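Notes follow the structure.
Everything numeric here is computed off the predicted structure, so don't read it as measured data. Numbers restart at 1 for each chain; the letters A, B, ... are given by sequence-line order, proteins then strands.
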Amino acid sequence: MDGSAPDRREVVIPGDLLNGHGLKPGSGTFNEGGRIYAARIGTVAERDGFVDVIPLSGRYIPRSRDVIIGKITDLGPSHWLVDINSPYPAPLNAKETPWMVEFGDTDRYLHVGDVVIGEIVSVDEAMRVQLSIADRQFGRLTGGQILDISPAKVPRLIGRNGNMVALIREFTNVRMFVGQNGRIWIDGDAEGVYHAAHVIKVIDDSGPAPGLTDQVRAYLEAAYGRRATTPAERDDDGRH
Amino acid sequence: MTAEVISELMREHIARLAASGKRSDGRGFDEPRKLVVQKNYIKNAEGSARVQLGNTDVLVGVKIDVGEPYPDTPNQGVLSTSAELIPLASPTFESGPPSPTAIELARVVDRGIRESKTVNTEKLCITPKEKVWIMFIDIHALDYDGNLFDAASYGALSALSCAKVPASKIGKEDYPLPLEHWPISVTSAKIGGNVVVDPNLDEERIADARITVTTDENGDIRAMQKGLKGSFNLDEIRAAIRTSQKVGKGLRGIIQRD
Amino acid sequence: MEDIEHIPKELQLIDKKGIRLDGRRFNELRPIKIEAGVLKKADGSAYLEWGNNKVLAAVYGPREAHPRHLQDPAKALVQCRYNMAPFSVTERKRPGPDRRSVEISKVISEAFASVVFVEQFPRTSVDIYIEVLQADAGTRCAGLTAASVALADAGIPMRDLVSSCASGKIGGVVALDLNKDEDNFGEADCPMAIVPRTGEIVLLQMDGHLTAHEFDQAMELSINAAKQIYELQRDALRRRYAAVAEAAEQEALREPPPQEAPRETPPDMPEDLPPEVDDL
């Protein structure tokens with residue numbers, strides 16, 4: 001790894017006072033008596049004049065434009081219900097698909113137990129969610145397997161500008177879709193899938209310390225016996 | 001219990017792995033998960049053990065006290081087994097009275113102990129028709145990742161193996177509860193024609209059929225229970241018996257240790 | 001209901017030198033150990049030992065509130081279920097909630113309802129489960145303290161942790177953290193829970209007999225002890241996330257296993273992948 005000593009990011013706990021000089025309270029924080037405190041377990045980051053707490057745990061809370069991987073759990077004549085591993089069930093309206101679904105014909109296109117990749121179109125204040133799989137790159141997934149990780153770890157799995165997923169794909173050659181809701185779909189040859197799944201687990205178990213990309217690169221280079229071509233990028237410049 | 005939908009995709013993935021001799025957690029078909037036993041976990045209980053079978057975690061307590069025998073068995077102690085699938089152990093467990101799953105679990109574990117005379121209830125008599133030892137075996141699931149039958153059964157046997165009869169309550173000295181046999185239950189699940197030992201939660205959810213075979217230290221069969229809606233042929237059942245004898249031996253060693 | 005034969009009535013719970021039956025002074029806590037993140041299935045969890053108490057706390061949520069008619073369209077419900085395992089007490093307890101467990105569940109739910117940011121999760125429920133595995137008095141304080149850690153472990157947004165402790169009176173002396181014998185033979189017991197940062201009292205119960213002055217003494221003992229307990233809770237949470245980081249490092253540097261399956265031809269290049277969302 002590079003020369004600088006690893007700096008264990010400090011973990012903040014709900015109720016911790018944050019150093020918010022001149023900053024506004026961002027996500028994962030709250031304002032009390034003019035001071036900013038952490039509301040969740042996580043690490044502190046600054047962004048555009050806000051101080052945020054990046055969560056280290058917690059369930060997936062849907063946000064508009066998130067790409068998600070969901071499971072069909074129920075259906076009605078003009079919609080399906082999708083489990084997106086979140087406190088809120090997500091309906092998928094028949095109109096939000098690439099197909100011309102006639103009323104009552106929903107079962108012909110998606111059954112209970114099917115897996116889809118799609119996006120969250122909207123979330124209202126009552127946390128009611130609308131999904132869509134209409135765009136070309138979305139739809140039903142077949143084959144492969146689903147892995148579940150903590151949604152808090154998804155940004156680390158993707159990496160800055162996608163460099164972590166690129167690194168994994170470069171070596172393992174797996175097809176991989178990462179849902180913001182912590183669901184990952186992968187498919188490929190047995191060895192590639194084995195290594196990709198292993199790396200995904202390491203990322204899921206990882207703490208806030210920097211250097212994760214280096215560790216993953218080291219593992220993959222050892223596993224495949226060659227160096228990476230995906231460029232090295234420091235991942236500890238204030239963001240995961 | 002509420003059911004959790006398992007995706008078709010994962011169902012196919014596990015079945016495909018099984019067809020090529022593999023399992024999702026890398027185990028062999030005949031390989032149980034790692035078993036960890038901690039005896040004497042609860043001081044207030046006369047016997048107790050916390051057992052982890054892979055990620056399935058079960059705590060079993062044995063309470064022994066003086067009481068009256070049932071009228072139809074005046075010379076025998078009383079053995080009662082119950083199981084609680086507490087909601088903390090799984091998002092699919094709900095609070096409330098015991099579900100059919102909890103009841104079946106308790107009855108299967110109970111049978112394994114009672115019918116095999118692991119604990120001989122005739123030896124739990126203090127004064128015939130008046131005073132006997134009453135034994136409660138309470139199974140408490142803490143973390144559910146498949147195969148509660150085996151985990152609970154190992155927990156119960158481990159708890160019994162370190163239990164002390166509180167004879168000081170009747171003016172004598174406490175003594176270790178004598179066990180006459182060491183039955184080990186080994187559960188297998190059938191997935192698309194392949195039979196795997198100690199199914200984890202994903203495997204359990206897609207299994208067509210399940211069989212539990214309990215064998216003792218001599219390799220003799222003490223209990224059997226087939227579950228779920230599929231079926232086994234006779235060869236598969238014989239194979240399950242051999243697996244129970246083989247796997248049971250290794251696990252018995254762990255449970256018999258202090 | 002507890003067996004009382006083993007304590008002769010003449011025995012002093014606290015002697016003239018201020019030493020109690022278990023060797024503690026009037027203002028000493030029993031030893032406490034806390035571990036966060038001990039269960040796999042729950043969203044958050046904690047295991048706590050407090051003297052001879054052993055409690056396990058788990059949190060699921062926020063998740064859809066059931067039954068639906070209980071859902072609150074504006075906020076999350078905070079529902080706690082406190083339960084004692086049958087083998088947790090000297091005389092076996094029948095499985096299932098009794099009136100005492102129901103009452104404790106209620107007051108603990110209410111304690112957390114004021115610290116959790118419930119408006120962030122309308123129509124959901126934050127379910128807290130406290131399981132007493134071994135009991136020696138003070139189980140509701142132990143349970144609440146563990147549940148606080150479990151809530152933080154689950155990533156539930158809160159204003160602060162909640163710390164809980166009890167004080168009472170034994171042999172005429174106001175004392176901290178009564179054990180079972182002291183609770184049974186003492187003159188008063190007063191469990192409380194506090195939001196350490198703000199000093200808000202979110203749980204308070206009392207039974208027995210105390211003068212107003214004795215009550216003040218008891219609260220002073222409990223509030224000071226709560227500060228120590230708060231540090232133990234925070235330490236448990238910090239250790240959990242530091243341990244997780246270390247484990248991941250070990251994993252990444254381990255030798256990969258020898259190749260098992262022969263290399264297959266890689267599949268065709270995939271069609272358009274969905275755009276990866278960059279981390280915010």
N/O donor-acceptor pairs under 3.5 Å from side chains in residues 103-112 of chain B, not counting sequence neighbours:
unit_1, atom_1, unit_2, atom_2, d
B:Glu104, OE2, B:Gln225, NE2, 3.2
B:Asp110, OD1, B:Arg114, NE, 2.9
B:Asp110, OD1, B:Arg114, NH2, 3.1
B:Asp110, OD2, B:Thr81, OG1, 2.7
B:Asp110, OD2, B:Arg114, NH2, 3.0
B:Arg111, NH2, B:Gln225, OE1, 3.0

Atom pair CG (B:Asp65) and CZ (C:Arg92), whose distance is rounded to the nearest 0.5 Å:
11.0 Å
Heavy-atom closest pair (C:Leu133 atom, B:Leu142 atom, distance to 0.1 Å) is CD2-CD2, 4.4 Å
Could you tell me whether B:Glu31 atom CD has more than 12 heavy atoms of other residues or ligands within 6.0 Å of it?
yes
Please classify the contact between B:Leu201 and chain C as side chain, backbone, both or neither, with a heavy-atom cut-off of under 4.5 Å.
side chain
Heavy-atom closest pair, residues B:Pro91 and C:Lys41
CD-CB, 4.3 Å
Do B:Glu84 and C:Pro86 have side chains that approach each other closer than 4.5 Å (heavy atoms only, starting at C-beta)?
yes
Are there residues of residues 97-111 of chain C whose heavy atoms fall under 4.5 Å of chain B's heavy atoms? If so, which?
none
Using only non-hydrogen atoms and a strict under-4.5 angstrom cutoff, which residues of residues 44-61 of chain C touch chain B?
C:Tyr47, C:Asn52, C:Lys54, C:Leu56, C:Ala58, C:Tyr60
Do you know which of B:Ala45, B:Pro87, B:Gly61 has the most heavy-atom pairs under 4.5 Å to chain C?
B:Pro87
Reported CG-to-NZ distance for the pair B:Asp138 and C:Lys93, which is rounded to 0.5 angstrom:
10.0 Å
Hey, which residues of residues 141-152 of chain C are touching chain B, say heavy atoms under 4.5 Å apart?
none
d(B:Ile137 CD1, C:Phe87 CZ) to nearest 0.5 Å is 12.0 Å
Atom NZ of B:Lys131: over 12 foreign heavy atoms under 6.0 Å:
no
Give, for atom NZ of B:Lys43 and atom OG1 of C:Thr90, the distance between the pair rounded to the nearest 0.5 Å.
10.5 Å
With respect to chain B, which residue among C:Asp43, C:Val38, C:Asn83 yields the maximal number of heavy-atom pairs within a distance under 4.5 Å?
C:Asn83
Residues, nucleotides or ligands: over 12 heavy atoms within 6.0 Å of B:Lys169 NZ:
yes
How far does CZ of C:Arg81 sit from CD1 of B:Ile86, to the nearest 0.5 angstrom?
7.5 Å
Once rounded to the nearest 0.5 Å, what's the spacing between atom CG of B:Leu88 and atom CD1 of C:Ile130?
10.0 Å
Quick one: what part of B:Lys63 sits under 4.5 Å from any heavy atom of chain C, side chain, backbone, both or neither?
side chain
Grab the two heavy atoms, one from C:Val89 and one from B:Asn44, that are nearest each other, plus how far apart they are.
CA-ND2, 3.9 Å
Non-hydrogen atoms of chain B under 4.5 Å away: do they reach the side chain of C:Asp136, the backbone, both or neither?
neither
